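Here the structure comes first, spelled out in C-alpha cells, and everything after it is commentary.
Quick caveat, the model's predicted, so the values are computed rather than measured. Proteins come first, then strands; the chains are lettered A, B, ... in the order of their sequence lines, and each starts at number 1. Keep in mind that the numbers below use all heavy atoms, side chains included, and drop hydrogens, waters and symmetry copies.
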Protein chains: 4
Amino acid sequence: MSQQHMSPPKRRGRPPNQLAQARILKAAHDILTEDGFGRLTVEAVAARSGVGKPTIYRQWANASELAMAALMSGDPGIIAGGGTSLRSALTGQMRSLIQAFATTRGRQIAMTLAAADPESEFTKAFRNQVILSSREAGRALLLEAAARGELVLQQDLEVLLDMIYGPVFYRLLVGHRSLDTGFADSIVAIALEAVAARADG
Amino acid sequence: MSQQHMSPPKRRGRPPNQLAQARILKAAHDILTEDGFGRLTVEAVAARSGVGKPTIYRQWANASELAMAALMSGDPGIIAGGGTSLRSALTGQMRSLIQAFATTRGRQIAMTLAAADPESEFTKAFRNQVILSSREAGRALLLEAAARGELVLQQDLEVLLDMIYGPVFYRLLVGHRSLDTGFADSIVAIALEAVAARADG
Amino acid sequence: MSQQHMSPPKRRGRPPNQLAQARILKAAHDILTEDGFGRLTVEAVAARSGVGKPTIYRQWANASELAMAALMSGDPGIIAGGGTSLRSALTGQMRSLIQAFATTRGRQIAMTLAAADPESEFTKAFRNQVILSSREAGRALLLEAAARGELVLQQDLEVLLDMIYGPVFYRLLVGHRSLDTGFADSIVAIALEAVAARADG
Amino acid sequence: MSQQHMSPPKRRGRPPNQLAQARILKAAHDILTEDGFGRLTVEAVAARSGVGKPTIYRQWANASELAMAALMSGDPGIIAGGGTSLRSALTGQMRSLIQAFATTRGRQIAMTLAAADPESEFTKAFRNQVILSSREAGRALLLEAAARGELVLQQDLEVLLDMIYGPVFYRLLVGHRSLDTGFADSIVAIALEAVAARADG
DNA sequence: ATATAAACGAGACGGTACGTCCCGTCTTTCG
DNA sequence: CGAAAGACGGGACGTACCGTCTCGTTTATAT
C-alpha cells in the first residue's frame, strides 16, 4: 500500500542488536580513558563488553576504526560559542575546542588519526565529525562576519582556517608547548590581525 | 682513576660491530619506504639486515625508536633558504619543508611521532631534530628580521611560529587538503600580514 | 522413525519442504566428494544449497550426522553377489565391497564414523546400513552354506565375520597396504581354510 | 627418541627447551584422558601447560599431530608375550594388545588416526609405532614358528596379519561388539586353524 | 476469506579455536 | 665477551564455524 515517506529497508535476517553495539562502544570508550589507545584491542573490548569478537568485526574493520567510533560516540561536537562579535565567538569556540582536547583524549584522537587508514570511509567520517567540524564552524563564523562587513575575505580562506586550527593539533602531536586558554586567545588575535591588515590593504 | 696514555679504553672482547648499526638503519629505512611504518617491526629489520634481534634492542627500546632513528639518519635537516628578505627566506624554507614532507615520508613521520612515547629521550631528540628544527630556523629568521627592524615582535612569537608550521602537520595528519608550494606561499603571506598589522598597531 | 501408512496427522502450518532436504543432501554429497570430510560444515552446506542453517539443524544435530546422511543417501548397499558356491558368492561380495571402498569414499566413511558420537541413534543407523550391512550379508552366506552342509560353523561366527570384514577397514584406516581384488580373494581363501580345517576336525 | 652417541650437530641458537616439550605432552595426555580427543585443542594444551601457542606450533603442525605425539609418548609398545609355543605367544600378545586398546585410549587412537593427514610424516611414524608395531611383532612370531617348522607360511602372510590385527580396530571403530580376552583367543584359534589347514594341504 | 501456524531464507548473536605475527627476553655457540 | 641465531612465554590478530536466536516471508490447514 502506501509506503508513506520514510520507508525502512526492512532487511531479511535478524537485525543487529543495538544493545550490543552500545556495549561495545561503552567498553571501547572506557578502555580508552582508563588504559589508553595502546590497550584498545578488539580482544579486550570483546572481553569487557561480553560480546563475541566477530560481532565487533562485523561493524568495524580493526581496532583503529573501533577507536574512532568510540571517540565519535561520546562527542557532542564543538559548537561555535555564541558571541556577538567575530572575535568573541571565535575565541569562545577555540577555548572550548582546546579545553576538550587538552586532556588525554586530545592526544588519543591524534594517535588514532595517525594510525588509521587515511583512505577508509570510516576515517573520513571521523575526520569530518571530530577533526574538521570545528574548522567548518570557524569557517561559518568567518563567512558570517564577512557578510556583516566586519572583514574582507580573499581567496586563501582555507589556509587561514588551517592556521587557526592547525596549531592545536600541532601542539597536541608534537607536545612542545601546552594547550591553554591563552593559546586560544593568541591564535584568534593573530588571525584577526592578519585579516584586519588584509581588510585595510 | 688514571686513564694513562691510551686514549681508547680498549675494552676486552669483541668490539661492537659498527657495520651492524649501519645495516640496521639501512634496513629500517628501506622497509619504511617500501612497506610503510606498519611493517617496520624489529623482527623484520633483524631479518632484512641479517642482524640478531638483541643487537637491535641493545640500541633501541622498540620499533618506534628504530623508526625515528631511521627517519633521522637520512634527514639532511631543513635549513633556512638564504633569501635576502624575511619573506623570501621564509618562503624558501617553507617550500622546501613542504616538499620534503609532501611525500609518504611526511605521513610516516607523523605516524611515528604519534606512536612514540612522548616522554622518552629518544622521542625528544627526534622531535627537536626532525619536527622542530624547521620551527627553530623560522624563529631565527623572524628574530633576525626584527633585529634588522623589518618588524616588531611581541610576546606571542611562539604562537606565531605554531601558526606557520602547525598547518603543515595539520594537513599531513588530517589530509583534508594537499601540501603544495601555493600553501607555503599563502602561509607566509598571512603570517607576515599579521606581523605587519601588529607592527603598524 | 517414519510412520508410512499411518493416517497423516495433517498438522497445521507449512509442511517441510521436501525439495530443501534433497538440496541439502546433494550439496553435502558434492562437498564431500569435491572438498572432503573436513570441509563439510553446516555453514558450507547451507551456503551451497541455498538453505538456511536452521533448516539443516531441524533435521540433523551436527555436521557429522549430515555427513552420514549424505553418505547413506547415495549408497546402493552392498548386496551379496549371487554365486553358486560359498566361495564364489563371498568372493564376489568382497570384491564389490572393496571396489566401493577403495576410493576416497571409503576413507570418508571411516573418518565420519570415527568423528561421530558412537551412542547416537543416527550413528547406529549409519553403522548398520553402511558398515555392517556387508557383514550381515556375509553372515547370511555362511549360514546358508552351513545349512547346505558345505561347512560346519561353531560358536565363533562373530569373530570369523570380523576377521573377514575387519581387514578392509583396517587397511582403509591405517593405509599400510592397498585395497584390491587380490586382497578380497586372499581373505576369502584364508577364511575358508580356517572353516574347512574346523570342519575336518 | 634420543640419539645418545651421535655427534651433536651443535646448532647456533638457543636449543629447544626439553622441559617445555615434556610439559606440552603431559598436558596433552591429561586432556586426552580427562576430556577426550575432541577437547584436545592447541589452545587448551597451551593454557594447561603454561606454554605459548607458537612453541607448540614450532613442533607440531596441528592438534592431530599433537594428539599422536601424546599417544606415542606414553606408549610402552606392545611386546610379544614370551610363550613357548606360537599359540601361547600370539595369544599373550593379542590379549595384552586388546587390554591396552579396550579402554577409551583405543578409540582415541582410532579417532586420531582417522582425523590425521594420512600423508604426513608424523602420521606415518604414529602408524608404525602405535598401530603397526603389534602387527610387526606378530609377523616375527609367525616367521619364527615357520623357521622352527611349526607351520608353513605361503605368500599371503600380509593378509593373514591383517586378519589377525584388523578385527581389533574394526571393533574399536565400529563398536558393534566388545573387545575382551575371549576375542583375542578366538582370533588366534581361527588364524592358526587356517595356517594348519594350509600346512596340511 | 481469514486467521493461525509452521517452516522457510536470511543473517546477527555469543562463543571457541584456529594458525600467524610480533613482542621483548633468554640461552647457547661462534668469532 | 659481544654478536648471531633462534627458542621461549605471551598477547593480539583477523577468520572460520559452531549452534542459537530473531526477523520478515511464504505456504499450508482450520476456521
Side-chain angles (χ1 to χ4, degrees), chain A residues 10-21 23 39-47 49-63, chain B residues 11-17 19-20 39-44 46-47 49-58 61-63, chain C residues 9-17 19-20 39-47 49-63, chain D residues 8-21 23 39-47 49-59 61-63:
Chain A
K10 283 291 180 194
R11 299 199 310 156
R12 274 297 283 279
R14 175 177 178 173
N17 183 352
Q18 308 258 297
L19 179 59
Q21 309 298 319
R23 277 196 292 160
R39 296 303 183 103
L40 183 73
T41 66
V42 172
E43 202 120 280
V45 171
S49 64
V51 145
K53 281 204 292 173
T55 299
I56 297 177
Y57 279 110
R58 240 168 249 128
Q59 209 73 19
W60 298 279
N62 48 53
Chain B
R11 295 192 303 160
R12 289 179 38 180
R14 180 174 176 172
N17 185 351
L19 181 58
R39 298 297 185 140
L40 183 73
T41 66
V42 172
E43 204 117 65
S49 63
V51 144
K53 284 202 289 173
T55 304
I56 296 176
Y57 278 111
R58 225 167 269 126
N62 48 51
Chain C
K10 279 294 179 191
R11 294 195 306 158
R12 290 179 43 170
R14 177 177 179 171
N17 184 353
L19 179 58
R39 296 298 183 144
L40 183 72
T41 66
V42 172
E43 204 118 72
V45 172
S49 64
V51 144
K53 283 202 289 173
T55 302
I56 297 176
Y57 279 109
R58 232 167 258 128
Q59 209 74 348
W60 297 280
N62 48 52
Chain D
K10 285 293 179 191
R11 298 200 309 156
R12 276 295 284 277
R14 174 178 178 172
N17 183 352
Q18 308 259 302
L19 178 59
Q21 310 298 319
R23 277 196 292 161
R39 296 303 182 103
L40 183 71
T41 66
V42 173
E43 202 121 277
V45 171
S49 65
V51 144
K53 280 204 292 173
T55 300
I56 296 177
Y57 279 110
R58 239 168 250 128
Q59 208 75 17
N62 47 52

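Going from atom CG of C:Leu19 over to atom P of E:dA7 covers 17 Å, rounded to whole Å. Atom CD of D:Gln21 is separated from atom C1' of F:dC8 by 10 Å (rounded to the nearest Å). Rounded to an integer number of Å, the gap from CD of A:Gln18 to P of F:dC23 is 11 Å. A:Arg23 has its CZ atom 9 Å from the C1' atom of E:dG14, to the nearest Å.
With sequence neighbours left out, A:Gln59 forms a side-chain contact (heavy atoms from CB on, under 4.5 Å) with A:Gln21. Shown here are the side-chain contact (heavy atoms from CB on, under 4.5 Å) partners of D:Ala44, two or more places apart in sequence or in another chain: D:Ile31, D:Thr41. For D:Ala61, the side-chain contact (heavy atoms from CB on, under 4.5 Å) partners two or more places apart in sequence, or in a different chain, are D:Glu65. For B:Arg58, there are no side chain to side chain donor-acceptor pair (under 3.5 Å) partners, not counting sequence neighbours. Annotation: side chain to side chain donor-acceptor pair (under 3.5 Å) contacts of D:Ser49 (sequence neighbours excluded): none.
Between D:Gln59 and C:Arg14, the one whose closest nucleotide on DNA chain F sits nearer the 5' end is D:Gln59. Positionally, the nearest nucleotide of DNA chain F for D:Gly52 lies more toward the 5' end than for the other of C:Pro15 and D:Gly52.
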Legend entry - B/S/- contact track for nucleotides 13-19 of chain F, protein heavy atom under 4.0 Å: BBBBBSB

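Taking each heavy atom of A:Leu19 and A:Asn17 in turn, the nearest pair found is N-OD1, 3.0 Å.
Of the candidates E:dC13, E:dA6, F:dG9, the closest approach to any side-chain atom of A:Pro16 belongs to E:dC13. Candidate nucleotides F:dC8, E:dC8, E:dC13 were compared by shortest atom distance to the side chain of D:Ala20, and F:dC8 ranks first.
Taking only side-chain nitrogens and oxygens, A:Thr55 never comes nearer than 4.0 Å to OP1 or OP2 of E:dA12.
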